[in-house]
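Step one of this worksheet: look at the structure below.
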Amino acid sequence: MEIRPEEVSSIIKKELEKYKTRVRKESIGTVIQVGDTIARVYGLDDAMIGELVQFPNHVMGMVLNLEEDSVGTVIFGPDNPDRSIKEGDIVKKTDKIIRVPVGQGLIGRVVNALGVPIDDKDPIITDKYRPMESSAPNVVERQPVKEPLETGIKAIDSMTPIGRGQRELIIGDRQTGKTAIVLDTILNQKGKDVYCIYVAIGQKLSNVVGIAETLTRYGAMEYTTIVSASSRASASSQYIAPYTGCAIGEEFMYSGKHALVIYDDLSKHAQAYRQLSLLLRRPPGREAYPGDIFYLHARLLERAAKLSNNLGGGSLTAIPIIETQAGDLTSYIPTNVISITDGQIYLESDLFYAGIRPAVNVGLSVSRVGGKAQSKMMRKVAGSLRLDLAQYRELLTFTQFGTDVDKTTRERLTRGERMVEILKQDQYKTLPTFKQAIIIYAGIKGFLDDIPIRDIKRFETELYDYIAKEYPDIEIEIGAGQDPNDAFMEKLTGAMMAFKNIFKVQG
C-alpha cells in the first residue's frame, strides 16, 4: 500500500494541534551545607522569610535567614530530620508562607509543631488554615480585660486574678508546681466555653503523654488541643511550636469564642531559638532587634487580646511559663517576659518544700488587671487578703528569733497561719468561685481563729456542705455575680455563726 506525502503531513499537523506545552517555571536551589536540622541552600533568590521549602523525600523546611549568596533554612521532622538530606540535593520553593490547620477538627487531638496529628487517630479534617505568624490586634480592635478566667485555685483567683484576654506569666524554679497550676486551670474551664491549647516545648515525651492521659481522665480533652514539641523533637520544631499553638487559639478568638493558650515553657523556646541562631550564624538573641529574644516573645504574646464587640468579642488568654535558676528573677529571659506580660505568679521553692502548695509568693506575684477580672463577691471578701498575708510573713520572720509578742501580734499570727492553711489546695481539686469566696470570708472574719490547724480542711468541707443544704440561696446569689449588699453579707455571717455552733473540734 502506497502512502502519499500529503497524508503523512496531514497526520503530523493533527498531532501538532493536539500537543499542548507543559513547560512550567520553578524556582529551585541546591543544598550546599546540611547538619543539625539546618541547611544552607544556594539559589532561591526570590525566597521569603518564613516560606516553606521542600527537600527530597517530602521533607519540609522553612526559610529563616536571607543572605547575599545563600538562604538559611531550618528542617522539620522527627528525630534528626536532616539525615535523609545531603549536599547537592534540589530544594523547591512552595510560594507559601508557613501555615497550620486550625478549627474544630483539632479539638481533642495531640499534634506536632506543624499541626500534624501524632496521636494515632484519624487524620484531621479541616479546610481552615492560618499563618503561623500574624500581626497582633491593634488598640482600636481591643477592649479592656474585665471578664474573669477562673483557675479554680484559691490563691490565684483571690489575689492574682486572670482575665480573658490577659497575659499572665507563671514563673519559678524547676519542680515548684508550674505545670500543675496550668493543668488545674484547664480542668476548671470545663463547661465554660473556653477552648484550651497546651503547648509542650522541650519536655520529656513521657511527661506529654502523662498530661494527655490526665486531661483525658478528667474529661478535659473534649475542649483541649495539645501541641507537642518534646525534647526528642528538633530545635526547629521547638522554635515554631508556640506560634502554632497561638494560631490555633487565634482561630477561636476571631470566631467570637474564647481560648486559652499555655506555653510550657518559653525558657526552652528561647534556648531552641538561640541554638538555631548560632547554627545560622546570626545574632543569637541580644545583638539585633529582629533577632532579639525579647522581640521573639513579644510578637507571640502580644497576639493575646480581648477583641472589641465589633469583631465578635472573642478572646485569647496567654499563660507563658518561665523557669528560673535559683529564684533569679533578674536574669535576661525572666525580665523580658515579665515586661511583656500583664503580671506574674511567682512560685517559691522554699514555700513548696514547706508544704504550702500552690507555692505562690504573695509579695512578688501581681496581676496588673487586678479586681477588674474578679467577681464582685471575690473582690469584696478578698480585698485585704494580700496585705494580711504580707503582714503575716513579716511578723513571722521577726518572731522566729524568739522575741516576746503582744496579744495583737499573736492574734495576727494566728489568723495568718489559718489563712495560709485555707489557701493550700490539692492538685486536680479546683473550686468554683462561690466556694472560694465563702472560705476566704470565714478566714478574714476570724471564724477560724479558734479552730485547730488540723481541723481546718474538715471545717472547710463541712461548711460547703452545710451552706449548700441549709442556705442554697447564698450559692445562687454569689454565682449570679450580683454586688453583695449589707443584707447579703449579714446573711452569710449568720450562716457562718450557725455552722460554727454545730461544728465539733476533734479531740
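Just so you know, these numbers use all the heavy atoms, side chains as well, and skip hydrogens, waters and symmetry mates. All residue numbers refer to positions in the sequence shown, counting from 1.
K306 has its side chain out of reach of P144: every pair of non-hydrogen atoms, C-beta onward, lies at least 4.5 Å apart. Under the 4.5 Å side-chain criterion, counting only non-hydrogen atoms from C-beta, D328 is not in contact with P334. Looking only at side-chain heavy atoms (C-beta outward), I98 and L114 come within less than 4.5 Å of each other. Using a 4.5 Å heavy-atom cutoff, the side chains of N309 and Q143 are in contact. At a threshold of 4.5 Å between non-hydrogen side-chain atoms, the residues I201 and P242 count as touching. Side-chain contact between V194 and R164 is present, with heavy atoms from C-beta onward closer than 4.5 Å. Side-chain contact between V102 and T126 is absent, with no heavy atoms from C-beta onward closer than 4.5 Å. For the pair L347/I181, a side-chain contact is recorded, criterion being any heavy-atom separation below 4.5 Å from C-beta on.
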Side chain to side chain contact (heavy atoms under 4.5 Å, CB included) between I211 and T179, intermediate numbers included = CA-CA 9 Å; I211 288 169; T179 301; 4.1 Å; yes
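Looking at every heavy atom in both residues, A241 comes nearest to V227 through O-CG1, 4.0 Å. Across F352 and T176, no two heavy atoms sit closer than the pair CD1-O, 3.4 Å. Across all their heavy atoms, A373 and P161 have their closest contact at O-CB, 3.8 Å. Taking every heavy atom of both residues into account, R386 and V366 meet most closely at NH2-CA, 4.2 Å. The nearest pair of heavy atoms linking M159 to L423 is CE-CD1, 3.9 Å. For the residue pair I248 and I197, the shortest heavy atom distance occurs at CG2-CG1, 3.9 Å.
For K96, the salt bridge (charged side-chain N to carboxylate O under 4.0 Å, His left out) test picks out no residue, with sequence neighbours left out. Applying the salt bridge (charged side-chain N to carboxylate O under 4.0 Å, His left out) test to K154 and every residue at least two apart in sequence or in another chain returns E460. For T225, there are no side chain to side chain donor-acceptor pair (under 3.5 Å) partners two or more places apart in sequence or in a different chain. For the ring-ring contact (aromatic ring centres under 6.0 Å, His included) test, residues two or more places apart in sequence or in another chain that qualify with Y218 are Y428. For the side chain to side chain donor-acceptor pair (under 3.5 Å) test, no residue two or more places apart in sequence or in another chain qualifies with Q238. For R40, the salt bridge (charged side-chain N to carboxylate O under 4.0 Å, His left out) partners two or more places apart in sequence, or in a different chain, are E67. Applying the salt bridge (charged side-chain N to carboxylate O under 4.0 Å, His left out) test to R303 and every residue at least two apart in sequence or in another chain returns E250. Listed by chain and residue number, E150 satisfy the side-chain contact (heavy atoms from CB on, under 4.5 Å) test with P148 (two or more places apart in sequence, or in another chain). Every side chain to side chain donor-acceptor pair (under 3.5 Å) that K86 has, sequence neighbours left out, goes to D89. Evaluation of the ring-ring contact (aromatic ring centres under 6.0 Å, His included) rule for F55 yields no partner, not counting sequence neighbours. Remark: N336 pairs with no residue by the side chain to side chain donor-acceptor pair (under 3.5 Å) rule, at least two apart or across chains.
The local environment of CG in D193 is sparse, with at most 12 non-hydrogen atoms from other residues, nucleotides or ligands closer than 6.0 Å. Heavy atoms of other residues, nucleotides or ligands lying less than 6.0 angstrom from CD of E394 number 12 at most. Around the NZ atom of K424, the shell of radius 6.0 Å holds more than 12 heavy atoms that belong to other residues, nucleotides or ligands. K146 NZ: more than 12 foreign heavy atoms inside a 6.0 Å radius. Crowding of I125 atom CD1: a count of heavy atoms from other residues, nucleotides or ligands under 6.0 Å not exceeding 12. For R368, the CZ atom sits in a packed shell: over 12 heavy atoms of surrounding residues, nucleotides or ligands are nearer than 6.0 Å.
Distance alone, capped at 3.5 Å, places no donor-acceptor pair between the S365 side chain and the V362 backbone. R379 places a side-chain N or O within donor-acceptor distance of the main-chain N or O of G371, the cut-off being under 3.5 Å. Remark: side-chain polar atoms of T244 are paired, donor with acceptor, to backbone N or O of A113 under 3.5 angstrom. Side-chain N or O atoms of E168 include none that pairs as donor or acceptor with a backbone N or O of I319 at under 3.5 Å. The backbone N or O of G165 lies less than 3.5 Å from a partner atom in the side chain of T317, making a donor-acceptor pair. Proximity of a side-chain donor or acceptor of N361 to a complementary backbone N or O of L364 within less than 3.5 Å is detected. For D173 (side chain) and G327 (main-chain N/O), a donor-acceptor pair under 3.5 Å exists by modelled atom type. Counting only distance, with no hydrogens or angles, the side chain of E302 and the backbone of I340 share no donor-acceptor pair below 3.5 Å. With E133 contributing its side chain and Y243 its backbone, the two residues share no donor-acceptor pair below 3.5 Å. Using a distance-only test at 3.5 Å, with no hydrogens or angles considered, no donor-acceptor pair links the side chain of Q189 to the main chain of Y195.
With no hydrogens or angles considered, a side-chain donor-acceptor pair links S367 and Q166 at under 3.5 Å. No side-chain donor from either of S230 and S228 sits under 3.5 Å from a side-chain acceptor of the other. In the model, N188 has no side-chain atom that pairs as donor or acceptor with a side-chain atom of T151 under 3.5 Å.
For the pairing with K92, the side-chain contact (heavy atoms from CB on, under 4.5 Å) check across L52, V53, I28 returns one residue only, I28. When each of L296, T37, V74 is checked for a side-chain contact (heavy atoms from CB on, under 4.5 Å) with Y239, only L296 meets the rule.
Going from atom NZ of K429 over to atom CG of D184 covers 10.5 Å, rounded to the nearest 0.5 Å. Of the inter-residue distances, the one linking T160 atom OG1 with D342 atom CG reads 12.5 Å to the nearest 0.5 angstrom. With rounding to the nearest 0.5 Å, the separation of OG in S234 from CD1 in I75 is 9.0 Å. Put simply, CG on D36 and CD on Q275 are 7.0 Å apart, with the number rounded to the nearest 0.5 Å.
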With a cut-off of 3.5 Å and sequence neighbours excluded, list every side-chain donor-acceptor pair involving residues 251-260.
unit_1: S255; atom_1: OG; unit_2: E251; atom_2: O; d: 2.7
unit_1: H258; atom_1: ND1; unit_2: S315; atom_2: OG; d: 2.8

